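Here is the structure we will look at.
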Amino acid sequence: MMKEMKRPERGKSLFRFAAPQLFYPLAGALAPWFAGAAAVLTIIGLWLAFFVAPTDAQQGEVYRVIFIHVPAAWMSMFVYLIMAFWSAVGLVMNTRLSFMMARALAPTGAMFCVVALVTGALWGKPTWGAYWVWDARLTSQLLLLFLYFGFMALTEAIEDPRRADKAGAIIALVGAVNVPIIYFSVKWWNTLHQGASVSLTKAPSMAATMLAGMLVMALASWAYTIAVTLWRVRPLILERERHAEWVAAELDALEGRI
Amino acid sequence: MLYAADLACLKGDRLLFRGLSLQVAPGAMLRIAGPNGFGKTSLLRILCGLAHPEAGEIRWNGRSIASDRESFHRTLLYLGHAPALNDLLTPLENLRFACAAAGDDVDEDVCVDALVRIGLADQLDLPARVLSQGQRRRVGLARLFLGIRRSLWVLDEPFTALDAAAVADLATTLSDHCAAGGVVILTTHQDAPFAVPPTVLDLSEVAA
Amino acid sequence: MLYAADLACLKGDRLLFRGLSLQVAPGAMLRIAGPNGFGKTSLLRILCGLAHPEAGEIRWNGRSIASDRESFHRTLLYLGHAPALNDLLTPLENLRFACAAAGDDVDEDVCVDALVRIGLADQLDLPARVLSQGQRRRVGLARLFLGIRRSLWVLDEPFTALDAAAVADLATTLSDHCAAGGVVILTTHQDAPFAVPPTVLDLSEVAA
Amino acid sequence: MSRTLGPFAAVLRRDLLLAWRGRADVLVTLAFFVVVVCLFPFGVGAETNQLRSIAPGVLWVAALLATLLSLHRLFAQDHADGTLEQLLLSPEPTVLWVVAKIVAHWIATGMPLVLVAPALALLFDVEQGALGVLVLSLALGTPILALLGAVGAALTLGLRGGGMLLALLVLPLFVPVLIFGAGAVDSHLSGTGADAHILLLGGGLLGALALAPVACAAALRIAVE
Amino acid sequence: MSRTLGPFAAVLRRDLLLAWRGRADVLVTLAFFVVVVCLFPFGVGAETNQLRSIAPGVLWVAALLATLLSLHRLFAQDHADGTLEQLLLSPEPTVLWVVAKIVAHWIATGMPLVLVAPALALLFDVEQGALGVLVLSLALGTPILALLGAVGAALTLGLRGGGMLLALLVLPLFVPVLIFGAGAVDSHLSGTGADAHILLLGGGLLGALALAPVACAAALRIAVE
Amino acid sequence: MQWESWSAFWQMGGAAPFVWGSYGITALLVAGELIMVMHRRKDALRRLLRLRRARAGGGSGRRAFEEIVE
Ligand code: HEM
Ligand SMILES: Nc1ncnc2c1ncn2[C@@H]1O[C@H](COP(=O)(O)OP(=O)(O)OP(=O)(O)O)[C@@H](O)[C@H]1O
Ligand SMILES: Nc1ncnc2c1ncn2[C@@H]1O[C@H](COP(=O)(O)OP(=O)(O)OP(=O)(O)O)[C@@H](O)[C@H]1O
Ligand SMILES: [Mg+2]
Ligand SMILES: [Mg+2]
């Protein structure tokens, strides 16, 4: 009775790929395609960014940072949401794979967070005259980075994988509940203390080509994230499932190649 | 009646046991034996529901303990390796708290009697911090002397640090509990003078 | 030759013992016996110089240990109730550090051999945190198996948590140490198969 | 009723007794708060106007740090000595005694901070009318900190570097509380009125009270496994 | 020679190994520092000029708190697991390995703070010329904090509420360091030149190095009894 | 084409350090992440293979990796 409950039926259910041994080869097959897509999109995006998009009337050329800055900022937030989603799925359905996905996503999310911060800082120096101001948007991005670090530090510090999974899932969910609270509180805090002396100087009407470049770069980031996550989750699956038969077969195939 | 089927326990890279099944009827005493590090403590924690087995299931009176945690824990008394003593509280306060936390309603006098009975008459209001090893152990064990009706006792090395007289006393109490229809599951490396020698489950024979 | 005269130990308002004298000659084994809480641990700590007696003095080879701490501690090996293990380090790292900290220069291979000998071959590179109770105990005891020439061994309940085979093994090692002219002072509530039964100092007879 | 409240009352009573017995602890949390606040003039310089303008912030940050530091003790002792295992084996719902522990902890560490804060504010020459708002904001805010912190404490139980890891985990969560708490005093001082801030803090308290104990109970169960 | 250095080297090596093995710990001390610094703007408001003027003070206070928090770990683990007893039974002088422990502790926790401080100073828009002085003052000051703190850690070893008691004991001792450290940066910024402050910090370091280990060793001996 | 010459392109209207710095750091971070992913993968596989060999090599026979009856 219990046994059947633990293992969902391998029928045509939606959760078919929740079985690690099915997902492992699927991930291996898909990752290169997404990586390829990411490369192609990046090239197109960079071409749009540097050779098609016009010089900005107010900011001059500095604005070209936007083509990585904004996609990175978007990604860093999306990735956290997806992480929280997988965590919730893991806690509710008790599927190991969901936890692994959450853990595989975190470093990439943190990486995008850093990219947004660094590019923002480098953009800020010439436009605002300072690498950093305590603007609401910047600050909530910084706190998001701490949330990522907290998640990663916690899951790293716990050795028992089952405990690490669940503890990470709890903190990811608590964080996700807090992200909007943090965002709005920070926004309010800032506007309370000082007017809009520093706000993002948006180009009045963003040229269509600029928008196109940004969107293409955003798509590239998506493809990149998916590819890297799939690559990262594969060895995680093997380590977790190492006592299962299919892993032994998989390792047999690898023997000699590593 | 405690029934466990097909249990497996994996720690890190090491499979401690698998396919382990056991069954303990009312009135029986089961001793989990085996050399150091063969998984006795791990097994007890799994049987209590504190840890989850890698595989297998456990039933108490026919119902899975995972699905019916509350009523299982209402009949369980587990004493682990750590004696669950707070160093700032006296033995009496510690004992009363342990009972209240477990949901038992126990009178102060009954607690005092149990502590005196177990040989802590002089230490009733010392903070637990200054007690000797054996005395600390005794405070934890005092819950067994309260006459509370919890039928399943799970004890991890209860004789550790006790002197010979205390070992004999405890062995008698355990035997009595079984005689009254209770169940005792314990581990120990020491011999103790039980009224009826316990059934032994040797993990070195089950070992994966 | 360890010689102690007229020792007294006061804990809180309880006088554990007074006027206690003892003398242990090379090649002898002394077992401090007594019920729980009679001051065995307290006595051992006083003999090691970790605690100061209320009255009395202790001499090692004729010199007061208080005035000549260094050379006394160069011949002393004390294993207390706590096994002195760091949870993050492996048994091997723990053992090597214990030796280095004590001022002994011990080869890595010798340490590995001692650990394998004591039954931790499979646990050499696990963090100590995951070891079982008995395995933790064994890491601490491994210092006795290194063949280091420290003549005075003071051991507080060394047999706790060990399985029967390990108890026998340790008992032999202790007997051998005495046979080679060393001194062993220990406490234990368990019986162990010593080659020569140790002299017993029963604190319940000395008790104040 | 009284049956189910058993563990709740037992834990509450015991934890308060422990706080009383180890009252040095409680005093010292308070002392920490006081000392941190008093350190600031040394670090920042003693100019009265500047000090007055940063006072609400400094008081709130100090209260937050003091709470944070006392948090790792919330479950650590019980974890180490095996009491936590015993509590988890209790047949009654875990959430109950988790709340009891948090309440006891707040009474022992949070409440004294709230009571002493006005005195410190006077040292920084904060206008007396704002003291009420300060106390109210702390009284609503510190329980939120305790509730959120308890989740972090449960998650990091028994880990190496636990105390610091705890800090990393919960500080981002504490930020909104800090913003509204310090903001309440500031906006009172600037004449805007602190009602909105106080309401938000109250709402936050209710939210935290509803969610945090559940997360905390789940985390504890995972931690002892 | 190498004989006497035995325990020194052994303790140093082991403690650095432990720091490495539990490197999460080290990173997290750092994270704490960063987070505390970043909290301030939320408390006191985001006005750049005000932030810039309190920046050296805030950085120094945060470094001080981070050091303080990591201190209780200095001997606690060794005390709990019996290693301290074994070390005290070592025939070699206690002072030796006490210094080794403090050095290892500073390398693992103090040094990262020193290295990361300039980056944080940039967040507060501190003038780039002052960064060197900031680093120098921290590099001289944090070892003093570690040395003084070690005495406090030894004195409060195993006491209930140890962490907080420790804070209370050592914070008054830390104040002069804080004053000279933050003062160095401030006086550089105001054009007075930081030499006098730096010299005083250097002298303090030598003094602490000479006295603190002895006091610490004595305190440890008392603590285990 | 926006640029009068390649040097104008590289100068980015005087904002070269900021623009190229941004792109450069991003490229470094991405490359670092990819290297780390590959590295982790190699590590994990090596570890698994080593453990498997250890089991194949006999040993105490009490080591894990016999599959568990699920
Ligand atoms: C460290 C500094 C910075 C950080 C952390 C940062 C963060 C962010 C974030 C999180 C977003 C996405 C927000 C959203 O979609 O709602 C964003 C978008 C944006 N940022 Fe930044 N930013 C920084 C500096 C700058 C600077 C200096 C500029 C230009 C002067 C800038 C211009 C923009 C623009 C134009 C957008 C897109 C606006 C939109 O989608 O509405 N950012 N940034
Ligand atoms: N992460 C891990 N990797 C490998 N082995 C592990 C890991 N964690 C625990 N173990 C092993 O699992 C076993 C746990 O045993 P447990 O504590 O249940 O033993 P026990 O039978 O109670 O022993 P004792 O008699 O010493 O109390 C130990 O052998 C330990 O070395
Ligand atoms: N402050 C105090 N007031 C009264 N009694 C105290 C105080 N501190 C310690 N004691 C008593 O001193 C004794 C210490 O004994 P010690 O630990 O040496 O015993 P032991 O013989 O080693 O016992 P065990 O066999 O249990 O290990 C205990 O009986 C303890 O209750
Ligand atoms: Mg055990
Ligand atoms: Mg003893």
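Values in this document were obtained by computation on a predicted structure and should not be read as measured data. In what follows, chains are A, B, ... by sequence order, proteins preceding strands, each numbered from 1.
- Between chain C and the options His189(B), Lys11(B), Lys40(B), heavy-atom pairs under 4.5 Å are most frequent for His189(B).
- The CD atom of Gln190(B) lies 10.5 Å from the CG atom of Leu162(C); values are rounded to the nearest 0.5 Å.
- Contact of the Arg14(C) side chain with the Gln123(B) side chain is registered, since non-hydrogen atoms from C-beta on lie closer than 4.5 Å.
- Interface remark: Thr41(C) contributes no atoms to any contact with chain B (heavy atom separation under 4.5 Å).
- For chain C, no part of Arg137(B) is nearby; none of its heavy atoms comes within less than 4.5 Å.
- Within 6.0 Å of OH in Tyr3(C) there are 12 or fewer heavy atoms belonging to other residues, nucleotides or ligands.
- Around the CG atom of Asp191(B), the shell of radius 6.0 Å holds no more than 12 heavy atoms that belong to other residues, nucleotides or ligands.
- Contacts with chain B were tallied for Gln135(C), Arg138(C), His81(C), Glu157(C); His81(C) has the most, counting heavy-atom pairs under 4.5 Å.
- For the atom pair Asp156(C) CG and Gln133(B) CD, the distance stands at 8.0 Å (nearest 0.5 Å).
- Heavy-atom minimum distance, Ala161(B) versus Asn36(C): O-ND2, 2.8 Å.
- For the residue pair Ser132(C) and Gly37(B), the shortest heavy atom distance occurs at OG-N, 3.3 Å.
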